[in-house]
Colleague: 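If you scroll down you'll find the structure; I have some questions about it.
In this chain, residues are counted from 1 in sequence order.
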Amino acid sequence: MGQLFIAGCGYIGNRVADKAKSAGAGVTCLVRSEIKAEELTDKGFDVIRCSLDEPAEIPVIDLTGMTLVYLVPPPGGGIYDQRARNFCEAMSKFGPPDKIVYMSATSVYSVKDGSVVTENSETEPGSAMGKRRLDAEAVFKAYGALNGVPVVILRVSGIYGPGRLPLTQIHGGQPLLLESESGPSNRIHADDLTAICLAAIDKGQGGDIFNVSDGKPCSMTEYFNAVADALGVARQPQVSMEEARRVMTPLMLSYVSDSRVVDNTLMLERLGIQLRYTSMIDGILASVDK
C-alpha cells in the first residue's frame, strides 16, 4: 500500500489509518485537535496538526510518492469548501501525490424523490451541504488534471457504526416522519466503509467515482426504529411532513426531505467489495455497546 497521507483522522480516518498501518503502510495523519494528535502519535503515526480554515497555519506539504486520502468535512455555511481549496493550494507548493482519494457524499445528487441514482446521475444539489461537497470534488479534479494525479471519488451515504448511532435523538424522543411518508434513505457501516476506502486506495483509477452504500435502502424512520429496538427503548413519535416542517431541526428536516436509492453496483464490481453488513439489523446489533 506504500505511503499514505490521511487528511482528517476522525471516525473513519482512524480506522483507515489503523488498518493501513497493520498492512505495512507508512501513514501520516493530519488533524486539527491537539488531543487527537497526541493519541495518534502515541499509536506510532507521523502527525501534522493544523487547521485547514487558516491558510497561514498549513505547512508546506510534500506528498511526493504518497497517496492522499482526504476525509476532512467541509466547513459549515456557504456553497464552497474552502478547506479543500486551502489544502490544494498548500499541496501546489511541493511535489504532488501519486493518487488522491476524496470522500464525498451522496448529497451531491439532484434526485430527492426516491428514485435511483447511479454515478452518472445529475449532480445539481439543492442543499448547501451538497453544493459544498460538489465544490470539493471539482477542486480535487482540477488539481488532479493540472498535476497529472489520478483522483478517485467516493460518494458516501449515511455512516453508522459503534459510537455512531442516533442515541441523542432517540433518548430525547425527537419526532420522526411518518413511516407512510418517509422515502428511502441509504447507509453504510463504518467497518465496510473502511474496507472500501482501502480498496479505493489500492484499485481505484483516475476518474473513478463510486457510490458507497450497503445496497439495502430503507426509510430514515425504519432505521431509527431499528436502533431503538436494538437498545430496548421506546421508539420516537412520528409526525406528518406538514408537522415535521414545524417541529424538526433544519438538519433533520433536510435528511427526511431528500430521498433516493443509491446504486452501489459499480463499487461492488470494480473494487471487488464483499460487504460485511448488508443487513442493517446486523450492522446495528454489532454497533450497540461497542
Colleague: Any side-chain heavy-atom pair from L52 and I58 closer than 4.5 angstrom?
Modeller: yes
Colleague: Do S104 and Y70 touch side chain to side chain, with heavy atoms closer than 4.5 Å?
Modeller: no
Colleague: Y109 and side chain to side chain donor-acceptor pair (under 3.5 Å): which partner among R155, R260, E122?
Modeller: R155
Colleague: So which of V108, T106, V111 actually passes side-chain contact (heavy atoms from CB on, under 4.5 Å) with V117?
Modeller: V111
Colleague: Start with the C-alpha gap between K36 and N14, add the side-chain angles, then the distance that decides, and say whether side-chain contact (heavy atoms from CB on, under 4.5 Å) holds.
Modeller: CA-CA 10 Å; K36 182 62 66 176; N14 247 299; 3.1 Å; yes
Colleague: Tell me whether K99 contacts the main-chain N or O of G204 through its side chain, where contact means a donor paired with an acceptor under 3.5 Å.
Modeller: yes
Colleague: Tell me whether E57 contacts the main-chain N or O of C50 through its side chain, where contact means a donor paired with an acceptor under 3.5 Å.
Modeller: no
Colleague: Is K93 reaching over with its side chain to a backbone N or O of I61, donor-acceptor style, under 3.5 angstrom?
Modeller: no
Colleague: Same hydrophobic cluster for V156 and L271, using side-chain heavy-atom links shorter than 4.5 Å among ILVMFWY?
Modeller: yes
Colleague: Tell me, do N86 and D53 make a side-chain contact under 4.5 Å, heavy atoms counted?
Modeller: no
Colleague: Parallel, tilted or perpendicular, judged at 30° and 60°: which one describes the rings of Y160 and H189?
Modeller: perpendicular
Colleague: Do the side chains of Y277 and L165 join up, straight or via other hydrophobic residues, at under 4.5 Å, putting them in one cluster?
Modeller: yes
Colleague: When rounded to the nearest 0.5 angstrom, what is the spacing between OG in S287 and CE in M280?
Modeller: 11.5 Å
Colleague: Under 3.5 Å, side chain of S185 to main-chain N/O of C218, donor-acceptor pair present?
Modeller: yes
Colleague: Taking all heavy atoms of V149 and all of P97, pick out the closest pair and write down the distance.
Modeller: CG2-O, 3.4 Å
Colleague: For the residue pair T118 / N120, report whether a side-chain donor-acceptor contact shorter than 3.5 Å exists.
Modeller: no
Colleague: In plain terms, say whether R276 and D282 are close enough for a salt bridge, that is, a side-chain N and a carboxylate O under 4.0 Å apart.
Modeller: no
Colleague: Working to the nearest 0.5 Å, report the span between CD of E38 and OG of S33.
Modeller: 8.0 Å
Colleague: Please determine if D214 and R187 form a salt bridge, counting it only when a charged side-chain N lies under 4.0 Å from a carboxylate O.
Modeller: no
Colleague: Ignoring hydrogens and geometry, is there a side-chain-to-backbone donor-acceptor pair from Q238 to E179 under 3.5 Å?
Modeller: yes
Colleague: What closest approach, in Å, do I273 and A199 show between heavy atoms, and which atom pair accounts for it?
Modeller: CD1-CB, 3.6 Å
Colleague: Would you say that V139 contacts Y102 through its side chain, given a criterion of any heavy-atom pair below 4.5 Å between the two side chains?
Modeller: no
Colleague: I need the minimum non-hydrogen distance between Y255 and M129, along with the two atoms involved.
Modeller: CE2-CE, 4.2 Å
Colleague: Do you see a donor-acceptor pair shorter than 3.5 Å between the side chains of E222 and S182?
Modeller: no
Colleague: Decide yes or no on side-chain contact (heavy atoms from CB on, under 4.5 Å) for L30 and F87, but give the supporting numbers first.
Modeller: CA-CA 11 Å; L30 183 147; F87 187 87; 4.1 Å; yes
Colleague: In this structure, are over 12 heavy atoms from other groups packed under 6.0 Å from L251 atom CG?
Modeller: yes
Colleague: Determine the minimum heavy-atom distance between K216 and T278, stating which atoms define it.
Modeller: CG-O, 3.1 Å
Colleague: Do I201 and M66 belong to the same hydrophobic cluster, where Ile, Leu, Val, Met, Phe, Trp and Tyr are linked whenever their side-chain heavy atoms lie under 4.5 Å apart, directly or via other members?
Modeller: no
Colleague: How long is the span from the CG atom in D18 to the NZ atom in K43, to the nearest 0.5 Å?
Modeller: 3.5 Å
Colleague: Kindly work out whether a path of hydrophobic side-chain contacts (I/L/V/M/F/W/Y, heavy atoms less than 4.5 Å apart) joins L68 to V151.
Modeller: yes
Colleague: If Ile, Leu, Val, Met, Phe, Trp and Tyr residues are connected whenever their side-chain heavy atoms lie under 4.5 Å apart, and connections chain through other members, are V212 and I153 in the same group?
Modeller: no
Colleague: State, yes or no, whether a side-chain contact exists between L193 and R15 at a heavy-atom distance under 4.5 Å.
Modeller: no
Colleague: Does any N or O in the side chain of E119 come within less than 3.5 Å of the main-chain N or O of N211, such that one atom is a donor and the other an acceptor?
Modeller: yes
Colleague: Would you compute the distance between atom CD of Q274 and atom CG of D192 and round it to the nearest 0.5 angstrom?
Modeller: 10.5 Å
Colleague: Can any side-chain N or O of T67 pair as donor or acceptor with the backbone N or O of L4 at less than 3.5 Å?
Modeller: no
Colleague: Taking the basic N atoms (NZ, or NE/NH1/NH2) and the acidic carboxylate oxygens, is any pair closer than 4.0 Å for D208 and K203?
Modeller: no
Colleague: I'd like to know whether OH of Y11 has more than 12 heavy-atom contacts from other residues, nucleotides or ligands below 6.0 angstrom.
Modeller: yes
Colleague: Look at D81 together with R133 and state whether they make a salt bridge at an N to O cut-off of under 4.0 Å.
Modeller: no
Colleague: Check F224 against P166 and note the closest heavy-atom contact, atom names and distance.
Modeller: CE2-CB, 3.5 Å
Colleague: So S107 and D258, do their side chains get closer than 4.5 Å, heavy atoms only?
Modeller: no
Colleague: Please confirm whether the backbone N or O of S213 pairs with a side-chain atom of N264, one donor and one acceptor, at under 3.5 Å?
Modeller: yes
Colleague: Take R235 and L176 through the test side-chain contact (heavy atoms from CB on, under 4.5 Å) and record every step on the way to the result.
Modeller: CA-CA 9 Å; R235 293 181 172 187; L176 298 173; over 6 Å; no
Colleague: Any idea which heavy atoms bring T168 and Q174 closest together, and the distance?
Modeller: O-NE2, 4.4 Å
Colleague: Taking side chain as C-beta onward, heavy atoms only, is V288 less than 4.5 Å from L231?
Modeller: yes
Colleague: Rounded to the nearest 0.5 Å, what separates atom OG in S180 from atom CE in M241?
Modeller: 10.5 Å
Colleague: Using side-chain contact (heavy atoms from CB on, under 4.5 Å), reason through I48 and F5 one step at a time and then give a plain yes or no.
Modeller: CA-CA 10 Å; I48 295 174; F5 187 100; 3.8 Å; yes
Colleague: Check for a donor-acceptor pair, side chain of N147 on one end and backbone N or O of P96 on the other, with a separation under 3.5 Å.
Modeller: no
Colleague: Compare all side-chain heavy atoms of V27 with those of V16 and state whether any distance is below 4.5 angstrom.
Modeller: no
Colleague: Hey, could you give me the NZ/CG distance between K141 and L146, rounded to the nearest 0.5 Å?
Modeller: 16.0 Å
Colleague: Count the heavy atoms belonging to other residues, nucleotides or ligands that lie under 6.0 Å from CZ of R32, then report whether that count exceeds 12.
Modeller: no
